[in-house]
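Before any comments, here is the structure.
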Amino acid sequence: MNQAPFEHLDVDTLAGWLADQAPLTLVDIRDPLSFSQGHIPGSRHLDNTSVAALLEEAPRERPLVVVCYHGNSSQQAAAWLGGQGYERVYSLDGGFTDWAARHPERVAC
């Protein structure tokens with residue numbers, strides 16, 4: 001049985017998971033400047049230089065949520081990460097832009 005390498009996740013579901021302090025790994029693939037200017041609390045910046053550390057450190061059984069600008073490029077990254085053995089990978093629909101618009105009080109700098 002083939003399983004999709006990732007699933008779509010809506011902002012409200014992620015907000016609920018974070019409010020419940022559900023164990024998950026949250027990665028943001030936007031450029032470093034955008035990440036430094038605002039990101040979802042608890043997320044880590046992910047790029048070509050930090051991906052090896054993520055693959056070493058992040059438990060494969062923990063849900064992994066990928067965030068980008070608008071929810072498009074995170075799908076490719078989520079599919080790739082799903083192929084690296086992560087059991088539950090999600091791409092955040094609407095990306096950080098939607099998160100910041102709907103939860104401006106939950107943006108870290």
Side-chain angles (χ1 to χ4, degrees):
M1 179 169 100
N2 286 345
Q3 181 179 346
F6 74 94
E7 296 178 45
H8 292 270
L9 183 69
D10 62 76
V11 166
D12 291 336
T13 300
L14 177 59
W17 288 357
L18 294 175
D20 293 342
Q21 298 182 350
L24 58 87
T25 301
L26 186 58
V27 297
D28 188 319
I29 64 168
R30 296 174 301 138
D31 70 272
L33 179 61
S34 295
F35 180 81
S36 70
Q37 292 175 337
H39 54 270
I40 299 172
S43 64
R44 63 191 280 180
H45 186 250
L46 183 66
D47 60 15
N48 289 340
T49 60
S50 62
V51 71
L54 174 79
L55 295 175
E56 283 183 23
E57 299 165 7
R60 298 295 198 274
E61 68 280 358
R62 181 180 293 172
L64 175 64
V65 179
V66 183
V67 179
C68 67
Y69 295 97
H70 303 288
N72 296 320
S73 58
S74 59
Q75 294 178 50
Q76 292 173 321
W80 185 83
L81 288 163
Q84 303 307 304
Y86 290 94
E87 297 172 11
R88 291 173 290 159
V89 182
Y90 301 89
S91 170
L92 184 65
D93 289 341
F96 180 76
T97 303
D98 193 27
W99 175 271
R102 297 172 73 180
H103 300 285
E105 75 288 353
R106 296 175 75 181
V107 171
C109 294

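Numbering of residues begins at 1 and proceeds along the displayed sequence.
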Give a yes or no on whether the backbone of Glu61 and the side-chain of Arg88 come within a donor-acceptor separation of less than 3.5 Å.
yes
Taking atom OG of Ser91 and atom CD of Gln76, what is their separation to the nearest 0.5 Å?
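That separation rounds to 10.0 Å.
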Once you round to the nearest 0.5 Å, how far does CZ of Arg60 lie from CG of Leu55?
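Between Arg60 CZ and Leu55 CG, I get 5.5 Å after rounding to 0.5 Å.
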Pairs satisfying salt bridge (Lys or Arg N to Asp or Glu O under 4.0 Å), at least one member in residues 45-57, at least two apart:
Arg44-Glu57
Would you name the heavy atoms of [X] and [Y] that are closest together and state the gap between them?
X: Pro63; Y: Pro23; value: CD-O, 3.5 Å
X: Leu46; Y: Ser50; value: CA-OG, 3.3 Å
X: Ser43; Y: Asp28; value: OG-CB, 4.4 Å
X: Pro5; Y: Val89; value: O-CB, 3.7 Å
X: Ile29; Y: Ala77; value: CD1-CB, 3.9 Å

Would Val27 and Leu64 count as a side chain to side chain contact (heavy atoms under 4.5 Å, CB included) if you check the C-alpha gap in whole Å, the side-chain angles of each, and the deciding distance to 0.1 Å?
CA-CA 8 Å; Val27 297; Leu64 175 64; 4.1 Å; yes
Other cluster members, Phe96 - Ile/Leu/Val/Met/Phe/Trp/Tyr, side-chain contacts below 4.5 Å
Leu9, Val11, Leu14, Trp17, Leu18, Leu24, Leu26, Ile40, Val65, Val67, Tyr90, Leu92, Trp99, Val107
ILVMFWY cluster membership beyond Leu33 - transitive side-chain contacts under 4.5 angstrom
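Same cluster as Leu33: nobody, lone residue.
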Residues passing the salt bridge (Lys or Arg N to Asp or Glu O under 4.0 Å) test with Asp20, sequence neighbours excluded, are none
Asp93: salt bridge (Lys or Arg N to Asp or Glu O under 4.0 Å) partners, not counting sequence neighbours:
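Applying salt bridge (Lys or Arg N to Asp or Glu O under 4.0 Å) to Asp93 gives none.
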Indicate yes or no: at least one non-hydrogen side-chain atom of His8 is less than 4.5 angstrom from one of Gln75.
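His8 reaches Gln75 side chain to side chain.
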Is there a side-chain contact between Pro32 and His45 (heavy atoms, below 4.5 Å)?
yes
If you apply the rule side chain to side chain contact (heavy atoms under 4.5 Å, CB included), what do you find for Tyr86 with Leu54, and how did you get there?
CA-CA 11 Å; Tyr86 290 94; Leu54 174 79; 4.0 Å; yes
List for me each residue that meets side chain to side chain donor-acceptor pair (under 3.5 Å) alongside Thr13, sequence neighbours excluded, and say none if there are none.
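Counting only residues at least two positions away or on another chain, Thr13 forms a side chain to side chain donor-acceptor pair (under 3.5 Å) with Asp10.
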Side chain to side chain contact (heavy atoms under 4.5 Å, CB included) for Asp12 and His103? Distances and angles first, verdict last.
CA-CA 9 Å; Asp12 291 336; His103 300 285; 4.1 Å; yes
